[in-house]
Amino acid sequence: MTELVPGFLWGASTAPHQVEGNNLNSDFWAREHLAPGLELSGDACDSYHRYAEDMRLLADAGLTAYRFGIEWARIEPAPGEISRAELAHYRRMIETARDLGLEPVVTLHHFTNPNWFAQEGGWTSDRAIERFQTYVQAVTGILDGVKWVCTMNEPNMLAVMVTMGRQYSADSGDAKKWMSPTVDGAARPVIPDPDPEVGRRLGEAHHAVRDILKKHTDAAVGWTVACPALTATPGNEEKLKEVRYVREDLYLDAALGDDFIGVQVYSSQAVDENGVVPHPLGPDTTLTGTAYRPDGIGTSVRHVWERTGGVPVLITENGIATADDEQRIRYTTEALGHLFAAIDDGVDVRGYLHWSALDNYEWGHWGPTFGLIAVDRETFERQPKPSLAWLGEVARCGHL
Ligand code: IFM
């Protein structure tokens, strides 16, 4: 039987914009209201008010960790103007999680920016890093006792979004063309390459706030990377290296010196002489158009472990967009099998956090449901799915 590290985290993840609701000051909120192709996040799952109920469901099921985010647009609604009430709100979330026996894993940036930051030029403005530092410095005051902090979620996807932002800006007159970065066209043809210049800037931002967090908190600090689990078709190993550098390795290299690396993996894709091969369509294709590939997690953790030279891994997201909860259990069973095999082979994995706790707002769409808990969007009533009880049972036993 696979031996897990003592205190292995078993949990689920969410992100503020996707569950809280009414993230009025953020750039994604503004974008949703400009682009007719995007559905609105609106009240989302109203987790801003119902977080205690969400956490209790996870804890009662047997999980031991909850990854959630702090929303910069709420903490700093205008440059330099820090909301004490919002800091207190997120402190209450941290304390509620701990009171319920859930280890809080706190993300400081999950795709969304304050709208003023975006208007100032966003991540490519000269002031970007200084701005991010001011926000993170303010947040350090509420992180007492927090053991896990993720500075930034999926900087490689964020870099794709920065590129889309340039392309579809209000200035270019194309703001209406914005599509969901994770759904529309993400699978076929393929998500575009992130701009490496933007990626390097995000790496600098990560290092700048890592220093602040290490100085003012006791938390383990890392960032979380979208891991595409790329594999080469015969004869295309060199092409794989080239493509993987731009999409993944640049971000893994920036994790050097971190306490952990968050691995986020859903599927797997081949690389041929032309680059990334679009996901093939099949009966198991997920609601985001990606292939059913629970083995991707094994490919990813092994690659991350090798590339970073042994930075401890925390699975901060893994899951499937499906309306069929049996398929979710099947996928997760297989994924955990691949993860356990990697642990057996010596990869240091500190926990598994499923994406997602709730059916939530998938960046422009409500259709793709990733949740262990369904949410009625009229009444906000939570309906735990069988997969929640199942994962809680795996957590209690520590094996499949
Ligand atoms: O919903 C997203 C999340 O915000 C970041 N990682 C991938 C998830 C599924 O697409």
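Ligands are counted one by one from 1 in listed order, and the atoms in each one are counted from 1 as well. We're numbering straight along the sequence, starting at 1.
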Legend entry - Residues E326, R330: salt bridge by 4.0 Å N-O rule: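 Looking at R330 together with E326, the answer is no, because their closest N to O distance does not fall below 4.0 Å.
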
Inset, instruction - Please write down residue, atom name and distance for the protein heavy atom closest to atom 7 (C) of ligand 1. - result: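 Sorting protein heavy atoms by distance from atom 7 (C) of ligand 1 puts E317 OE1, 3.2 Å first.
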
Legend entry - Nearest neighbour in protein (non-hydrogen) for atom 10 (O) of ligand 1: E362 OE2, 2.7 Å

Inset, instruction - With heavy atoms only and a cut-off of under 4.0 Å, state how M157 meets ligand 1: side chain, backbone, both or neither. - result: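 Within the 4.0 Å criterion, M157 makes no contact with ligand 1.
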
Inset, instruction - Return a yes/no value for N153: is any of its N or O atoms, backbone included, closer than 3.5 angstrom to an N or O of ligand 1? - result: no

Legend entry - Polar contact flag for T182 and ligand 1 (N/O pairs, less than 3.5 Å):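 N/O-N/O distance below 3.5 Å does not exist for this pair.
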
Inset, instruction - Could you point out which residue of K385, R382, R377 forms a salt bridge (Lys or Arg N to Asp or Glu O under 4.0 Å) with D359? - result: K385

Legend entry - Spacing of NZ belonging to K177 relative to CG belonging to L34, to within rounding of 0.5 Å: 14.0 Å

Inset, instruction - Hey, could you give me the NE2/CZ distance between H279 and R293, rounded to the nearest 0.5 Å? - result: 9.5 Å

Inset, instruction - Mark up the atoms of ligand 1 that fall under 4.0 Å of a heavy atom belonging to H110, in ascending order. - result: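 Checking each atom against H110, I get 3 (C), 4 (O), 5 (C).
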
Legend entry - E154: numbered ligand 1 atoms lying under 4.0 Å from its heavy atoms: 5 (C), 6 (N), 7 (C)

Legend entry - Test of ring centre spacing under 6.0 Å for W363 and H17: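 Ring centres of H17 and W363 closer than 6.0 Å.
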
Inset, instruction - Please find out if less than 6.0 Å separates the ring center of H89 from that of Y51. - result: yes

